[in-house]
Number of protein chains: 2
Amino acid sequence: MATLSDVAEAAGVSPTAVSRYLNNRIELPLATRERIDAAIAKLDYRPNLMAKRLSTGKTEAISLVTPEIANPFFAELAAAVEAEAQSHGYAVYISSTGGDRDREIDAIRRLHDQHVDGLIMMTNQPDDGTLAELLNEHDHVVLLDEDIPGVSVPRVFVENEQGAYLGTRHLIEAGHREIALIGGPGDLMSVRERLAGFERAMTEAGLPVRPDWVLLGDYSRAFGHAATQRLLASPPRPTAILACSDYLAIGVLLALQQAGLSVPHDMSLVGFDDMPFAELVNPPLTTIRQPVAEMGRLAFELLLALLNKAEPAPLTRLPVELVVRRSVAQFQGKTSR
Amino acid sequence: MATLSDVAEAAGVSPTAVSRYLNNRIELPLATRERIDAAIAKLDYRPNLMAKRLSTGKTEAISLVTPEIANPFFAELAAAVEAEAQSHGYAVYISSTGGDRDREIDAIRRLHDQHVDGLIMMTNQPDDGTLAELLNEHDHVVLLDEDIPGVSVPRVFVENEQGAYLGTRHLIEAGHREIALIGGPGDLMSVRERLAGFERAMTEAGLPVRPDWVLLGDYSRAFGHAATQRLLASPPRPTAILACSDYLAIGVLLALQQAGLSVPHDMSLVGFDDMPFAELVNPPLTTIRQPVAEMGRLAFELLLALLNKAEPAPLTRLPVELVVRRSVAQFQGKTSR
DNA sequence: ATCGCTATGTAAACCGCTTTACTAGCCCTT
DNA sequence: AAGGGCTAGTAAAGCGGTTTACATAGCGAT
């Protein structure tokens, strides 16, 4: 491989001149520029990134931490981040932590060790303070999708409260009065906010929120399944369920199916996220769509601002949207009470 | 950040000694080792990766090229590669090319420019020779899932032919005699092989392969949809369809649904891949499972072998498996001919 | 007393680029 | 004639490791 010095020699100038020319830090007369360009072309010169990185201390790479890249929601987010990053010349290292705290810490350490210039962090499990402390040592971090309490970095979230509110209202407008909520970990911001939106819609409609119909666990299909079974086991039953994620909703769907109940005839269901499979399940899932592409794009934009020493907004909330499909039916019967 | 020299000074030895000690290139007496260890701990020393990379020319990172990371099949593959890579101390840089040739070329160039030590390449579009030529310049490349003709690097594929054979036999055993195949790009190895498996099963059973019932296009839901519509438009209709990917199968399902046909009652369907959503759709999809985790793991293992100057197997075929769900029914009626 | 060997290191070059500080030459003023 | 300013660069010191080639001390053997 040709080096900068080779080019310089071939062009009859100093390496400094070539370096500065290539980085637009010097104005050179046309003749000189042409000689350098010719030398570069002739030698097929490509800058050695490693040397450049060592020299500048910049890597032009960021790290993206996701709990589970095989989860389509995070995969889409990752794709959006990657597209935006690539268009700005940044590479992205994706780590899929599987919710493993050690691997999350590893990723942060990578930032510390300057393998990357910045970090976009997604998590879906509550933090005991470890992550927060670690993250606070850095100022090139953006939090995406989910909060980590006590971390003071720019954050990109969606209107969780409003989303759950919309979903719940949709059920109420369909005549449902007995509505259960199945959510993820109760100490996750997204869950608390969605619960709040649920409660607001219920209260506004003069409906009670039954504590035994608010089931919090984790964002998994398995929990959606188990929670539904619990719900069905002890009558009275609700006539509709608001699931705080589409993964949960799938579990709900499965449990309902196994219990011989049909959706939406016997039970209406609203999900959250609008994952790609939401319209593929039976019935196609009415759900709250998160603007995934925009979230990813914006997260990178904020990180880039941080890298450029700007001061981006500390918190951006992106709007969500109700996507009506076929998992909600007008409530026909009389309520159980 | 503390440097190697800082550590050396604190330990009262030379930087050389510390470097060699850390890389196990020298035997040091206990007392010296302890001084160095203590200095490292006290200074919280972490080697500067960039310097190390410049110095050694190794990055301990690989690049993973996928057509579309938001596609769960590739996302799962990526997750598997990442897990394996991480356990060997390698970072993985994932690029999602969107089938864009330029971005694929970019990724290869990154290898050339030594941003990464090696490359695991996935593609799902036919190559005109450009990629092959580029890839052949490198010897740290592994091809995963799909072939690129003319590239002589280790490859990890599944038993495509056998998979399609299994799926077709399953349909034949259910009494179907009129079976159509909907596949991806006809010049892709996976498609050709799956077609061959289909033909073998048909021929073995003494069944004709009708050319107008073999529809090749691309691996997309849209094509599955369009192909099905074409199939339905001109009777006689087949009684069963073998789709060469679950994405295609989803499109088939949708078109069938829109035409008022029920699966498996009016039409049986077998997919390929066993993507996560395959069991979520209606009806749950009978499909051919690819051992995704093993594919990813193995691909990295082969790449690692390459990096270590070993000579891994040029081609590994991983077995597939029929997963019976509920999209295939015993054929009841009489055939259309 | 000297040789040679082992154990325990070290000096200095090098990886390829960036950047700071500096300069030679020239023209224009005053 | 001297000074100032501009153009078109350059020399050399990093960045933080790795590595090759060499060095010294101590010890046993001859």
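Chain letters run A, B, ... following the sequence lines, proteins first and then strands; every chain starts at 1.
Residue-to-nucleotide proximity on DNA chain C shows that, of A/S19 and B/P15, the 5′-proximal contact is made by B/P15.
Rounded to whole Å, the distance from CG on A/L4 to C1' on C/dT19 is 13 Å. The interatomic distance linking A/L54 (CG) with C/dC14 (P) rounds to 17 Å, in whole Å. In this entry the distance linking CG of B/N48 with P of D/dG14 reads 17 Å, nearest Å. Taking atom CG of A/D6 as the reference point, atom P of C/dG16 lies 9 Å away to the nearest angstrom. Straight-line distance from the NZ atom of A/K58 to the C1' atom of C/dC17: 16 Å, rounded to whole Å.
Closest heavy-atom contact between B/L111 and B/V141: CD2-CG2, 3.8 Å. Taking each heavy atom of A/I36 and A/L28 in turn, the nearest pair found is CD1-CD2, 3.9 Å. Across all non-hydrogen atoms, the minimal contact from B/R155 to B/L302 is O-CD1, 4.5 Å.
Residue A/P47 is in sugar-phosphate contact alone, with no base atom involved, counting any heavy-atom pair closer than 4.0 Å across all strands shown. Using a 4.0 Å heavy-atom criterion, one finds that B/T56 contacts the sugar-phosphate atoms exclusively. At the heavy-atom level, A/T3 lies under 4.0 Å from the strands shown only through sugar-phosphate atoms.
Residue B/T16 places no side-chain atom within donor-acceptor reach of the base of D/dT18, judged by atom type and a 3.5 Å distance cut-off alone. If you check distances only, the side chain of B/S14 never reaches the base of C/dA11 with a donor-acceptor pair under 3.5 Å.
A donor-acceptor pair is defined here as one N or O able to donate and one able to accept, closer than 3.5 Å; no such pair exists between the side chain of B/E68 and the backbone of B/G99.
Salt bridge annotation for B/R46-A/D113: present, with a cationic side-chain nitrogen under 4.0 angstrom from a carboxylate oxygen.
The local environment of CD in A/E137 is crowded, with over 12 non-hydrogen atoms from other residues, nucleotides or ligands closer than 6.0 Å.
Residues A/H115 and A/Y93 keep their aromatic ring centres 6.0 Å or farther apart.
Recorded end-axis angle for the helix from C/dA1-D/dT30 to C/dT30-D/dA1 stands at 70°, based on five pairs per end and rounded to 10 degrees.
A close approach under 4.0 Å does not occur between any side-chain nitrogen or oxygen of A/K52 and OP1 or OP2 of C/dG16.
The aromatic rings of B/H138 and B/H112 sit perpendicular, their planes meeting at an angle over 60°, well past the 30° parallel limit.
Side chains of B/E146 and B/S190: a donor on one and an acceptor on the other come within 3.5 Å.
Contacts between residues 20-38 of chain A and DNA chain D, defined by a heavy-atom separation under 4.0 Å, are made by A/R20, A/I26, A/L28, A/P29, A/T32.
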